[in-house]
There are 2 protein chains.
Amino acid sequence: MNTTKKFTGKRTLKYAILGLLSRQPMTGYDITCEFQQAIGQFWQAKHSQIYPELKKLLIENLISQQIEMKGELEKKCYQLTELGKQALEQWLCQLDEIESEKDVFALRLYFLHAMPKTQLSTLFTHQLEQKQARLAFLHQQLATHFSENFDVITLNDNDFAHYLVLSKAIAREQSYYDWLVRSWQKVLRRQA
Amino acid sequence: MNTTKKFTGKRTLKYAILGLLSRQPMTGYDITCEFQQAIGQFWQAKHSQIYPELKKLLIENLISQQIEMKGELEKKCYQLTELGKQALEQWLCQLDEIESEKDVFALRLYFLHAMPKTQLSTLFTHQLEQKQARLAFLHQQLATHFSENFDVITLNDNDFAHYLVLSKAIAREQSYYDWLVRSWQKVLRRQA
DNA sequence: ATCGTCATGTAAGGCGTTACATGATTTT
DNA sequence: AAAATCATGTAACGCCTTACATGACGAT
């Protein structure tokens, strides 16, 4: 009898959920909302993926459920078990392999030989606008969550982590934006 | 009778393959190799995904097949049809929506409150080494494909596109590396 | 002869999105 | 009263990775 599985995925969503629950007990709905907040800059999931995953985690005994009734409306609040805490900690200690980046704009640009030349301007303009909007949003997030002259070293773990990932998102978008500007200038000089 | 599909994916691989074939006819194996080269910085696919996709593109009449025999070994060489050319051009003109980024290291870092504090050093060191190696590789690519004092505006479309995506990859990795250094310094100051 | 590369495929299973479904509570 | 948000789920389908499979050609 052979019960070994051929391979196992990385199950990143599993650990993202465990990580969120390690901060505080939450419902599936709360978790869904979190993926639209800070953490969403680096991982995303829809509720249709989250609810089944929570059921799996229950079966694996990594989380426990607690049903609250608010009138007729039922809220299923989840929290980490001791086993779940251990699983998370073990995952947090794993070293990352090189990750693969996917960027459809860069892909399109790579095929610019087949692109109608008049289209390049539209593509770049659109991309520049998008990145600008994203940067504005991220800076606003920074302003909302951190006071004018805050001191990084005095922040608690959660705020410090929040600051780190926010500053990473900003660095990423700014670098993208700068490259767009430089590249667009080169395209213009080349077409002149 | 209802034959409409509920939704259709973005089929990015489809267009990546059409884009590659727009440069020159290629085999599935050649395409597989391309995804480990320049284009691989922004899109990847394994041969197990490529061969079935090529069959689909044949059925869609976007590519045509030409079997060459090299002794007993058969090579299936694919090229764009007129329809395929049009499909590619239409895709190249599409505007991108905001893309979602996934970054497991940032995710782990976001949960640093649950991390054994001694582990942070290991994680950062590993990540710094990885990014450094990637940067070295990309700079070497740049040196290999472009001469010391090359002029961007004189490059042909293919080389220009190659330069743009290479410079984007470098900007991305450099920005990541710089953020890692800044963050690691903050972690150290905070723990001191 | 053995090893690496060239060359092509299929199968199984996990991951992720869109759509389908339902109903309560709160805000306007 | 209507609309937005809270709250939970399932179904269908496409995407992607790992593993399974096979065999020829070229170099050492």
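Just so it is clear: chains get the letters A, B, ... in the order the sequence lines come, proteins before strands, and each one is counted from 1.
In this structure, the ring of A/Phe124 has its center less than 6.0 angstrom from the ring center of A/Phe105. Note: A/Phe146 and A/Tyr163 meet the aromatic proximity criterion, with ring centroids under 6.0 Å apart.
By the 4.0 Å N-to-carboxylate-O rule, A/Lys131 lies too far from A/Glu129 to be salt-bridged with it. With respect to B/Arg190 and A/Asp157, a salt bridge is recorded, a charged nitrogen being found less than 4.0 Å from a carboxylate O. Of the charged side-chain nitrogens involved, at least one lies within less than 4.0 Å of a carboxylate oxygen, so that B/Arg11 and B/Glu60 count as a salt-bridged pair. With respect to A/Asp103 and B/Arg172, no salt bridge is recorded, no charged nitrogen being found less than 4.0 Å from a carboxylate O.
Nucleotide D/dT17 holds its P atom 12 Å from the CD1 atom of A/Ile98, rounded to whole Å. Taking atom CD of residue B/Glu68 and atom P of nucleotide C/dC6, one finds them 16 Å apart after rounding to whole Å. The distance from atom NZ of A/Lys10 to atom C1' of C/dG13 is 15 Å, rounded to the nearest whole Å. Distance, B/Arg11 CZ to C/dT17 C1': 16 Å, rounded to whole Å. With rounding to whole Å, A/Gln36 atom CD is found 13 Å from D/dC6 atom C1'. The distance from atom NZ of B/Lys75 to atom P of C/dA7 is 4 Å, rounded to the nearest whole Å. Rounded to an integer number of Å, the gap from B/Leu13 CG to D/dT17 P is 10 Å. As rounded to whole Å, 17 Å separates atom P of C/dT22 from atom CG of A/Leu73.
A chain of hydrophobic side-chain contacts below 4.5 Å, direct or via other Ile, Leu, Val, Met, Phe, Trp or Tyr residues, connects A/Val181 to B/Leu166. Hydrophobic cluster membership differs between B/Val165 and B/Ile153, with clusters built from Ile, Leu, Val, Met, Phe, Trp and Tyr side chains linked at under 4.5 angstrom.
Residues A/Lys75 and A/Ile67 have side chains not in contact (no heavy-atom distance under 4.5 Å, counting atoms from C-beta outward).
Relative to the ring axis of B/Tyr176, A/Lys168 places its NZ or CZ within 45° and under 6.0 Å from the centre. Cation-pi contact between A/Arg108 and B/Trp91: present, with separation from the ring centre below 6.0 Å and deviation from the ring axis of at most 45°.
Listed by residue number, the members of residues 53-67 of chain A with any heavy atom below 4.0 angstrom from DNA chain D are A/Lys55. Contacts of residues 38-52 of chain A with DNA chain D (heavy atom under 4.0 Å): A/His47, A/Ser48, A/Tyr51. In the region residues 14-35 of chain A, proximity to DNA chain D at under 4.0 angstrom, judged on heavy atoms, holds for A/Thr27, A/Gly28, A/Tyr29.
In this model, the phosphate group of D/dC16 is approached by a side-chain N or O of A/Lys102 to a distance below 4.0 Å at OP1 or OP2.
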